[in-house]
Amino acid sequence: MYDFLIRNGMVIDGTGSPARQADVAIQGDKVVRIAPNIQEPARDSYDARGKYVIPGLIDPHVHEEWVCFDDGSYDFYLKEGVTTLVNGNCSHSIVPGHKKDQLDYYLGNGLISLKQYDRYMEIWPDWYDFEGYAKAVEQVGTNCNFVTLLGHGSIRQYVMHGAWPRKPDELEQSQIERIIRHNMEQGMFGISFGLDYVPSRYADLDEICQVVELIKGYDGVSAAHLRHQIGIYESTLEFLEVGRRTGAKIQISHLASSVPEAFEAARKAIEEEHIRARIDTIPNSVGHCTGKERMLLFTMALSDELFSQGIEGVKKALHTPEGRALILKDNYTMEGSKDKIYIVHSDDPHLENRSVRDIAQERGVDENECMLDLMGDDNNYVFWLNAPAANVPSKFIDHCDSIIANPYVSVGSDTIMGDIYDPFDWYEIRRRGGFAIFANMYLKKGVPYEEIVRRNTTMVAEHFGIQKRGRLEEGCYADVAVIDLPNYKYPEMSQEQYKTPRLAATGCDLVLVNGQVELRDGQVLRTYAGRVLRKNQQ
């Protein structure tokens with residue numbers, strides 16, 4: 001008797017091969033048989049008639065490594081059919097050091113709020129390396145599998161005792177390498193760089209390549225949030241050069257579709273020079289919704305000078321001409337005209353649903369000064385940055401033909417790490433529907449659904465070295481999703497959508513992770529069947 005049987009579905013195996021009608025039998029945590037009209041009994045079954053049965057999708061770019069300590073359900077991902085998350089991106093890592101070291105790094109980069117910092121200091125268990133972290137996650141449980149990357153910035157800051165704009169000295173470099181080796185040998189899958197962020201931004205090409213060469217020895221992937229300040233195309237070329245010099249596997253993270261020539265440069269490097277690169281992209285984005293405290297933390301994180309002064313230093317800077325000039329120079333999220341920044345929520349209802357430019361005109365002040373006034377006053381606000389209401393073009397737009405045809409592009413949702421207890425703290429509503437948005441965009445452009453699935457399953461699994469996942473084949477782990485494709489979608493953008501940060505996709509009717517039902521008929525269960533995967537123990 002099988003444990004679970006999915007009947008009558010159109011099976012897509014993840015390789016790009018055509019869908020075929022078949023039943024899928026699951027025993028324990030594995031797929032044990034795929035065939036038409038399986039007659040043997042099963043303890044439980046699901047009729048997938050008229051629907052696609054696909055391998056669980058893999059998201060190669062998320063930041064969910066610690067969210068499970070608040071809530072391990074990961075409902076937004078399951079509702080899209082995502083079963084495996086690649087964590088530790090953009091240089092942000094769960095090692096090394098004591099939890100205070102890690103939390104200081106996250107706070108310093110604006111990735112957690114002050115409330116989260118205090119809560120996590122209280123509830124997080126102590127761990128000092130990847131194995132300790134993996135055991136801690138296993139104690140609280142997760143609905144999704146985790147693939148975990150080291151973070152270059154986290155390691156650099158820990159070893160150098162701060163975010164210093166210099167190369168590591170000989171002793172520091174040996175410590176960095178020891179930390180990398182220790183954790184890679186425990187099963188991490190690679191490393192990430194955040195070349196826009198302190199302190200990873202201080203690494204030049206030689207320093208990056210030195211680290212990537214070490215990761216290559218473990219056949220790991222090196223992923224990068226690119227050095228966007230030099231230009232998206234130029235920063236893509238820089239990281240392709242890392243792949244060229246080292247011969248290592250590289251992942252170009254959340255590449256903006258507004259720059260198709262960057263995608264084309266990567267495709268040519270892969271096909272003509274055999275550079276081992278893959279690309280992920282955010283399918284659609286409509287700007288960040290950011291609470292005031294988070295705006296202050298971002299300002300701190302983006303400024304070389306204010307970084308060491310903390311949030312109180314930012315507050316003081318808002319009340320001096322020199323400090324205001326520094327904030328305007330360093331915080332690129334506020335650059336440009338203020339008609340693209342709206343107030344979503346406010347202690348003063350008169351200011352809600354209005355742009356900062358509109359408020360500045362009413363007050364008779366410069367719009368930059370008005371923004372700084374709002375950041376420095378005693379009221380609470382949620383700022384909507386790059387608000388579509390202002391018709392601001394997104395960096396993540398409908399993909400042109402050359403991107404659509406690029407076979408090395410997958411979704412990387414880069415879902416923003418807010419506070420589940422304060423959904424208005426920090427959110428970006430469209431990213432939580434990235435896989436559904438990508439599927440519908442590509443279907444409209446004539447891409448077969450089998451190819452869409454391949455790009456978001458097998459391709460990612462093979463690049464990262466995730467074994468027996470991303471394929472729907474006998475002997476593979478039973479990470480499976482059932483998709484009702486005509487209803488697989490995410491709500492279209494409306495002017496009111498920004499007030500609903502917990503929107504989710506529809507059309508994913510069943511998800512199994514490691515053979516256990518995590519979602520059924522759209523309802524997320526707290527089965528916690530996900531695993532922290534160890535690259536060397538698959």
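Between the CG atom of Asp59 and the OG1 atom of Thr84 there is a distance of 10.0 Å, given to the nearest 0.5 Å. Between the CD1 atom in Ile112 and the CG atom in Leu297 there is a gap of 8.5 Å [rounded to 0.5 Å]. Note that the OG1 atom of Thr281 and the CG atom of Asp414 stand 10.0 Å from one another [nearest 0.5 Å]. The OH atom of Tyr117 sits 10.0 Å away from atom NZ of Lys99, with the distance rounded to the nearest 0.5 Å. In this structure, the separation between CG on Leu351 and OH on Tyr342 is 13.5 Å, given to the nearest 0.5 Å. For the atom pair CE of Met295 and CD1 of Ile327, the computed distance is 9.5 Å after rounding to the nearest 0.5 Å.
A donor and an acceptor atom, one from each side chain of Glu64 and Tyr77, are located under 3.5 Å apart. Side-chain atoms of Asp348 and Tyr381 form no donor-acceptor pair, as typed in the model, at a separation below 3.5 Å. Under the 3.5 Å distance criterion, with hydrogens and angles disregarded, no donor-acceptor pair is assigned to the side chains of Tyr133 and Gln102. Counting only N and O atoms by type, the side chains of Asn284 and Arg430 include a donor and acceptor under 3.5 Å apart.
When side chains are defined from C-beta on, Ile403 does not count as touching Lys445, because their heavy atoms never get closer than 4.5 Å. Counting heavy atoms from C-beta on, the side chains of Leu195 and Ser235 never come closer than 4.5 Å. The shortest side-chain heavy-atom distance between Ile429 and Arg432 does not fall under the 4.5 Å cut-off. Side-chain contact between Tyr106 and Tyr120 is absent, with no heavy atoms from C-beta onward closer than 4.5 Å. Met459 has its side chain within reach of Ser410: a pair of non-hydrogen atoms, C-beta onward, lies under 4.5 Å apart. Side-chain contact between Leu525 and Leu78 is absent, with no heavy atoms from C-beta onward closer than 4.5 Å. Counting only heavy atoms from C-beta outward, the side chains of Val532 and Phe130 approach each other to under 4.5 Å. Looking only at side-chain heavy atoms (C-beta outward), Asn87 and Phe189 stay at 4.5 Å or farther from each other.
Counting only distance, with no hydrogens or angles, the side chain of Asn89 and the backbone of Val62 share a donor-acceptor pair below 3.5 Å. Between the side chain of Asp347 and the main chain of Asn379, no donor-acceptor pair closer than 3.5 Å is present. In this structure a side-chain-to-backbone donor-acceptor pair under 3.5 Å is missing from Asn143 to Tyr74. Side chain of Asn456 to main chain of Val411: a donor-acceptor pair is present (N/O by atom type, distance under 3.5 Å, no hydrogens or angles). Distance alone, capped at 3.5 Å, places no donor-acceptor pair between the Arg201 side chain and the Gly194 backbone. When atom types are taken as modelled, the side chain of Arg455 and the backbone of Asn406 share a donor-acceptor pair closer than 3.5 angstrom. At distances below 3.5 Å, not a single donor-acceptor pair connects side-chain atoms of Gln157 with backbone N or O atoms of Pro199. For Tyr528 (side chain) and Glu138 (main-chain N/O), no donor-acceptor pair under 3.5 Å exists by modelled atom type. Without hydrogens or angle criteria, Ser355 side chain to Asp339 main chain gives no donor-acceptor distance under 3.5 Å. A donor-acceptor distance shorter than 3.5 angstrom exists from the side chain of Ser192 to the backbone of Ser91, with no hydrogens or angles considered.
The pair Arg502-Asp75 meets the salt-bridge criterion, with a side-chain N (NZ, NE, NH1 or NH2) lying under 4.0 Å from an Asp/Glu carboxylate O. We find that Glu207 and Arg156 are joined by a salt bridge, their nearest charged nitrogen and carboxylate oxygen being less than 4.0 Å apart. Using a 4.0 Å cut-off between charged nitrogen and carboxylate oxygen, Arg294 and Asp419 do not count as a salt-bridge pair. A salt bridge links Arg526 and Asp71; the closest N-O separation between the charged side-chain nitrogens and carboxylate oxygens is under 4.0 Å. Ion pairing of Arg119 with Asp70 is present here, as a side-chain N (NZ or NE/NH1/NH2) and a carboxylate O approach within less than 4.0 Å. A salt bridge is defined here as a Lys NZ or Arg NE, NH1 or NH2 lying under 4.0 Å from an Asp or Glu carboxylate O, and Arg363 with Asp373 fails to meet this definition.
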Run the numbers on Phe464 and Arg278 for side-chain contact (heavy atoms from CB on, under 4.5 Å), then give the verdict.
CA-CA 10 Å; Phe464 280 85; Arg278 294 293 182 268; over 6 Å; no
Given side-chain contact (heavy atoms from CB on, under 4.5 Å), test Thr83 with Cys144 step by step and report yes or no.
CA-CA 5 Å; Thr83 58; Cys144 287; 5.7 Å; no
How far apart are the C-alpha atoms of Val513 and Thr527, what are their side-chain angles, what is the distance that settles it, and do they pass the side-chain contact (heavy atoms from CB on, under 4.5 Å) test?
CA-CA 9 Å; Val513 178; Thr527 310; over 6 Å; no
Between Glu362 and Arg354, does a salt bridge (charged side-chain N to carboxylate O under 4.0 Å, His left out) hold up when you go through it step by step?
CA-CA 11 Å; Glu362 179 181 77; Arg354 297 175 63 191; 3.3 Å; yes
Evaluate side-chain contact (heavy atoms from CB on, under 4.5 Å) for Asp425 paired with Gln116, printing each intermediate quantity in order.
CA-CA 11 Å; Asp425 164 57; Gln116 286 175 295; 4.1 Å; yes
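Of all heavy-atom pairs between Tyr488 and Asn440, the closest is O-ND2, 2.8 Å. The minimum heavy-atom distance linking Leu237 with Ala265 is given by the pair CD2-CB, 4.0 Å. Contact record, Ala504 with Lys79: CB-CD, 3.6 Å, taken as the closest heavy-atom pair. For Trp426 against His288, the heavy-atom pair with the smallest separation is NE1-ND1, 3.1 Å. The nearest pair of heavy atoms linking His399 to Met441 is N-SD, 3.5 Å. Closest of all the heavy-atom pairs between Ile232 and Ala256 is CD1-CB, 3.7 Å.
Applying side-chain contact (heavy atoms from CB on, under 4.5 Å) to Pro96 and the options Ile155, Leu150, Asp101 leaves one that passes, Ile155.
Summarising the local packing, CD of Glu261 is surrounded by more than 12 heavy atoms from other residues, nucleotides or ligands at distances under 6.0 Å. Within 6.0 Å of CG in Asp126 there are more than 12 heavy atoms belonging to other residues, nucleotides or ligands.
Below 30°, between 30° and 60°, or above 60°: for His152 and Phe193 the angle between ring planes is between 30° and 60°, a tilted geometry. Taking the six-membered ring where the residue is Trp, His254 and His228 present tilted rings, their angle falling between 30° and 60°.
Within the structure, ring-ring contact (aromatic ring centres under 6.0 Å, His included) contacts touching residues 78-97 (residues at least two apart or in different chains) are His63-His92, His92-Tyr105, His92-Tyr197.
Applying the ring pair (Phe, Tyr, Trp, His ring centres under 6.0 Å) rule to Tyr449 yields the partners Tyr52; only residues at least two apart in sequence or on another chain are considered. Partners of Glu312 by salt bridge (Lys or Arg N to Asp or Glu O under 4.0 Å), not counting sequence neighbours, listed by chain and number: Lys315.
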